Colleague: 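Structure provided below as structure tokens; questions to follow.
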Amino acid sequence: MLQSWRDGDRSALDRLVPLVYSNLRRMAAACLRREPDGQTLDPTALVHEAYLRMVGDTDPDFQNRAHFLGVAARIMRQILVDRARSRNADKRHGGTRVLLEDVEIVLTGKRAALVVALDDALLALDRQDPEKAKILELRYFGGLTAEESAESLGVPVHKVNRQMRLAQAWLRREMEMSPPNAES
């Protein structure tokens, strides 16, 4: 189905999503567990928003199921980061709330700043070491196992585990050196 979608069959995604929906929902729940209490966005809404973005992709190029799930994880992370950035901008410009298909998303200033700072740190890691950034994204945001991540990247599991530990240490150091700055 991934090949069919890549070849231009837009309905292939519609056939694929039901097969991986439970994985996508599990990944969305993992992303949202890291969000602040009182989050009104639920896993279903996050999966649906990710689906809408994937349908809009004019040039899908997925090698396999694990790669597809990795891209979905990145899209979900970006949705949450976009909302946090919007929340920070709205705070400076009157506090307008952003609506996602009738689901209101509200982040507190500190949590929104943390999400943005985490994304900035991940982007910095991606510039420095794209493989570590990808592993961190697949494992942390995508909820993929070490084995699934290894399959997606085409590397041995032990390398995924080692790179994950190094990426976590780098990220921890980066976040300690430049803590999020929020106006509370």
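Since the structure is predicted, the reported quantities are computational estimates derived from the model, not experimental observations.
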Colleague: If every non-hydrogen atom of L24 is compared with every non-hydrogen atom of A72, which pair is closest and at what distance?
Modeller: CD2-CB, 3.5 Å
Colleague: Closest approach of A133 and L122, non-hydrogen atoms and distance?
Modeller: CB-O, 4.2 Å
Colleague: Go through it in stages, so that I can follow the logic: the residues are M76 and V47, the test is side chain to side chain contact (heavy atoms under 4.5 Å, CB included), and I'd like the CA-CA distance, side-chain angles, deciding distance and then a yes or no.
Modeller: CA-CA 7 Å; M76 288 181 204; V47 168; 4.2 Å; yes
Colleague: Rounded to the nearest 0.5 Å, what separates atom CD in Q168 from atom CG in L125?
Modeller: 11.5 Å
Colleague: Under a single-linkage definition using a 4.5 Å side-chain heavy-atom cutoff for Ile, Leu, Val, Met, Phe, Trp and Tyr, are V155 and F68 assigned to the same hydrophobic cluster?
Modeller: yes
Colleague: CZ of R25 to NE2 of H48: how many Å apart, nearest 0.5 Å?
Modeller: 8.5 Å
Colleague: If hydrophobic clusters are built from ILVMFWY residues whose side chains come within less than 4.5 Å, do M177 and L166 share one?
Modeller: no
Colleague: Between L69 and Y21, is there shared hydrophobic-cluster membership here, with clusters defined by ILVMFWY side-chain heavy atoms closer than 4.5 Å?
Modeller: yes
Colleague: Please report the interatomic distance CG(L144) to OG(S152), rounded to the nearest 0.5 Å.
Modeller: 7.0 Å
Colleague: Does E137 pair with K134 as a salt bridge, N-O distance under 4.0 Å?
Modeller: yes
Colleague: Determine the minimum heavy-atom distance between S4 and A12, stating which atoms define it.
Modeller: CB-CB, 3.8 Å
Colleague: Output the distance between atom OG (S149) and atom CE (M164), rounded to the nearest 0.5 Å.
Modeller: 8.0 Å
Colleague: Are any non-hydrogen side-chain atoms of V160 and E148 less than 4.5 angstrom apart?
Modeller: no
Colleague: In terms of hydrophobic clustering (I, L, V, M, F, W, Y; side-chain heavy atoms under 4.5 Å; direct or indirect links), are W170 and L123 co-clustered?
Modeller: no
Colleague: Begin with the C-alpha distance, continue with both residues' side-chain angles, and end with the deciding distance and a verdict on side chain to side chain contact (heavy atoms under 4.5 Å, CB included) for M1 and L19.
Modeller: CA-CA 10 Å; M1 282 185 250; L19 300 176; 2.9 Å; yes
Colleague: Check L138 against G70 and note the closest heavy-atom contact, atom names and distance.
Modeller: CD2-CA, 3.1 Å
Colleague: Please report the shortest heavy-atom distance between L80 and C31, naming the atom on each side.
Modeller: CD1-CB, 3.8 Å
Colleague: In Å and rounded to the nearest 0.5 Å, what is the CG to CD1 distance from D82 to I75?
Modeller: 11.0 Å
Colleague: Minimum heavy-atom separation for M27 to A73, with atom names?
Modeller: CE-N, 3.4 Å
Colleague: With rounding to the nearest 0.5 Å, note down the distance linking CD in Q78 to CZ in R53.
Modeller: 7.0 Å
